[in-house]
There are 2 protein chains.
Amino acid sequence: MKNSRLVRKLGHFTRLSQDDKEVLEALCRSRPRRFGPRDTIIGEGERPQTVSLFLDGWACRHKGLEDGRRQIISLFLPGDLCDINIFILKQMDHSISAVTPVTVAEVTREMFEAIVEGHPRIAQALWWESLVSAAIQREWTTSLGQRDAKERISHLLCELYVRLDCVGLVERCSCQLPLSQAEIGEMTGLTAVSVNRVLQDLRHAGLIDLKSRVLTIHDLPALERIALFNANYLHLEGEGKHLAANQ
Amino acid sequence: MKNSRLVRKLGHFTRLSQDDKEVLEALCRSRPRRFGPRDTIIGEGERPQTVSLFLDGWACRHKGLEDGRRQIISLFLPGDLCDINIFILKQMDHSISAVTPVTVAEVTREMFEAIVEGHPRIAQALWWESLVSAAIQREWTTSLGQRDAKERISHLLCELYVRLDCVGLVERCSCQLPLSQAEIGEMTGLTAVSVNRVLQDLRHAGLIDLKSRVLTIHDLPALERIALFNANYLHLEGEGKHLAANQ
DNA sequence: CGTCCCCTTGAATGAAGTCAATACGCGTGG
DNA sequence: CCACGCGTATTGACTTCATTCAAGGGGACG
């Protein structure tokens, strides 16, 4: 059976048993929902009832200021999932929306807790994934605080490229990048105009291609140097692989 | 017995039983360590072995770029604790350092797991606190991405004031603010010079006083309006209070 | 074929950074 | 007790990066 994105991703952390994998695959089939671009998946103020597991398409967390400004706080790619303990909170302090058409599996609290109880290795892997999400959030904070426009955008491209690669969505240096320049601006705290100029710049330097929502990175090391990108925060070095799987 | 900061903070989420409180107080007494200003509590690259529980003083997470720029990613105030599942990671992707003299209780994995097993209400409350930390991180991302200098600094002051208040560290509109202007700059992505100008501005408008590391907020609602501050992300509205305590 | 959204580009403007000089407070040691 | 040094705060003048405003182009779709 084809590896789901989630299984593939967690495999970077630990060696999962066949049973673990099947449990996760089953999880991905639970209560599927589809959303179109810009649809709200969970809105600010609502009470979260389920954990969302993103199977296909891109979604984002975002937060609006009262005067209309909007920040995209993080991205959900296939294989990502949103805060495991989210039901503890009474209401969402931000929204989650689809960026492209999206398929989500919604996991209830009960299902979730049953899995965590019965499959310690999966539980461990899910904690790992949530720690990585937190690390990504911190890196975005760092980017916004310290990097300039060119560094920020380069950094974002490097990060997305690596994250997509680790769920099997990079082929021959290319991946989908289904974001408008305005949306990239909402992530990087820049205007669409500035994003445009930086992308031109990177294109003319021969580092990347980006057209019709497909990104190709010609010289990843160079882009990483520009971005001051260090992948250590993604914790992909098989950290839990020493834990033998009862495979 | 005097409420520890932690007990006080968790009390905003749920009603703790006397037994729960005693367990938490005991936790605060475990393996105490002290650090001086600028001491490294855990450094990037190290393997995290314990959960740090901050009892007294201020500390921060920070991340350095290769060229020397530094971003302060978050602050630890008395009653805060760092990622509960941190031992899952093989190495830290950032550092934690003392800002002022700091007292920390270091909780081992075993102690931690024992408590979570035996005291579901405490476990629940700790998850709540970690979700709030994540929400704070998202708000910092939003600030850096969307707010201008004056809004960012005002927002930071509002947040710290509320957080300190909820652990009993605000008295007559005043609290300690043991940060240099340079450090405020490292949090808000501004230079010390810009921070200085904004603070002057807020002072001259009669909104705040800030001298010898003591902050007084004269008009909190006005400051909140400037900052576009909305406390919902701190989730202080007694969200779990409906859960009766076996008190 | 017109409309809408997105991308592109140029010129003017503005917020924050840089550089540099000065002031202040505090502890230390002569 | 004073001189000194050090870290921090303050202020002014100049620079720069990114924004704003504005106009035009291209592709998808009804």
Side-chain angles (χ1 to χ4, degrees), chain A residues 36-38 58 65 67-72 99-101 143-157 176-205 208-215 226-227, chain B residues 36-38 58 65 67-72 97-101 143-157 176-205 208-215 226-227:
Chain A
R38 283 154 201 274
W58 291 34
L65 268 47
D67 64 358
R69 281 175 279 177
R70 192 175 88 122
Q71 175 69 27
I72 295 183
V99 173
T100 65
S143 259
L144 287 165
Q146 300 299 326
R147 287 188 246 255
D148 69 19
K150 190 168 173 182
E151 293 166 343
R152 267 183 236 177
I153 291 181
S154 306
H155 194 278
L156 178 65
L157 298 181
Q176 298 285 318
L177 194 95
L179 302 170
S180 70
Q181 295 183 350
E183 285 163 336
I184 295 176
E186 289 179 313
M187 293 172 206
T188 52
L190 301 166
T191 59
V193 174
S194 296
V195 171
N196 183 285
R197 294 196 230 261
V198 170
L199 288 176
Q200 296 299 337
D201 193 358
L202 295 175
R203 264 194 280 254
H204 294 143
I208 65 164
D209 262 336
L210 175 52
K211 48 174 184 261
S212 40
R213 310 274 148 128
V214 175
L215 169 70
I226 288 177
Chain B
R38 284 155 201 274
W58 291 34
L65 267 47
D67 64 358
R69 281 175 278 177
R70 193 175 86 123
Q71 176 68 27
I72 294 182
S97 303
V99 173
T100 66
S143 258
L144 288 165
Q146 300 299 325
R147 288 187 247 256
D148 68 19
K150 190 169 174 180
E151 293 166 344
R152 266 183 235 177
I153 291 181
S154 306
H155 194 277
L156 178 66
L157 297 180
Q176 298 286 318
L177 194 94
L179 302 170
S180 69
Q181 296 182 350
E183 285 164 336
I184 295 176
E186 288 179 314
M187 294 173 206
T188 52
L190 302 166
T191 59
V193 175
S194 295
V195 171
N196 183 283
R197 295 198 233 259
V198 169
L199 289 175
Q200 296 298 337
D201 192 0
L202 295 174
R203 263 195 280 255
H204 294 144
I208 65 165
D209 261 337
L210 176 51
K211 49 172 184 263
S212 39
R213 311 275 148 128
V214 175
L215 169 71
I226 288 176

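Order of the sequence lines fixes the chain letters, A, B, ..., with proteins taken first and strands second; residue numbering starts at 1 for each chain.
- In this structure, OG in Ser154(B) is found 5.0 Å from CD1 in Ile226(B), a value given to the nearest 0.5 Å.
- The span of DNA chain C lying next to chain B, judged by atoms under 4.0 Å from heavy atoms, is bounded 5' to 3' by dA16(C) to dC19(C).
- Rounded to the nearest 0.5 angstrom, Asp148(A) CG and Leu190(A) CG are separated by 9.0 Å.
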Nucleotide N/O to protein N/O under 3.5 Å, stretch nucleotides 23-30 of chain D:
none

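- Residues Ile208(A) and Leu199(A) have side chains in contact (heavy-atom distance under 4.5 Å, counting atoms from C-beta outward).
- In this structure, Arg38(B) reaches the sugar-phosphate backbone alone: every heavy-atom distance under 4.0 Å involves primed, P, OP1 or OP2 atoms, never a base.
- Side chains of Leu202(B) and Leu210(B) form no contact here, defined as non-hydrogen atoms less than 4.5 Å apart.
- Taking CZ of Arg69(B) as the start and CD of Glu186(B) as the end, the distance is 12.5 Å to the nearest 0.5 Å.
- Of all heavy-atom pairs between Ala192(A) and Ala182(A), the closest is CB-CA, 3.9 Å.
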Please tabulate the protein-to-nucleotide N/O contacts below 3.5 Å involving nucleotides 16-18 of chain D, giving atom names and distances.
{"unit_1": "dA18(D)", "atom_1": "OP1", "unit_2": "Ala149(A)", "atom_2": "N", "d": "2.7"}

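- Shortest non-hydrogen contact noted between Gly36(B) and Ala98(B) is O-CB, 3.3 Å.
- The CZ atom of Arg197(B) lies 14.5 Å from the NZ atom of Lys150(B); values are rounded to the nearest 0.5 Å.
- Only Ser180(B), Gln181(B), listed by number, bring a heavy atom of residues 177-188 of chain B to less than 4.0 angstrom from any atom of DNA chain D.
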Below 3.5 Å is the cut-off: list the nitrogen or oxygen pairs between protein and nucleotides 11-15 of chain D, distance only.
{"unit_1": "dG12(D)", "atom_1": "N7", "unit_2": "Arg197(B)", "atom_2": "NH1", "d": "3.3"}
{"unit_1": "dA13(D)", "atom_1": "N6", "unit_2": "Arg197(B)", "atom_2": "NH2", "d": "3.2"}

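- Gln181(B) contributes atom CD, which lies 8.5 Å from atom CD1 of Ile153(B) (distance to the nearest 0.5 angstrom).
- The CG atom of Asp209(B) sits 12.5 Å away from atom CG of Leu177(B), with the distance rounded to the nearest 0.5 Å.
- Here the side chains of Leu179(A) and Met187(A) are in contact, with some heavy-atom distance below 4.5 Å.
- Side-chain contact check for Gln71(B) versus Leu144(B): some heavy-atom pair is nearer than 4.5 Å.
- Side-chain atoms of Gln176(B) and Val214(B), non-hydrogen and from C-beta on, do get closer than 4.5 Å to each other.
- Pairing each heavy atom of Val198(B) with each of Ala149(B), the nearest pair is CG2-CB, 4.0 Å.
- With sequence neighbours excluded, the residues forming a side chain to side chain donor-acceptor pair (under 3.5 Å) with Arg147(A) are Glu139(A), Ser143(A), His155(A), listed by chain and number.
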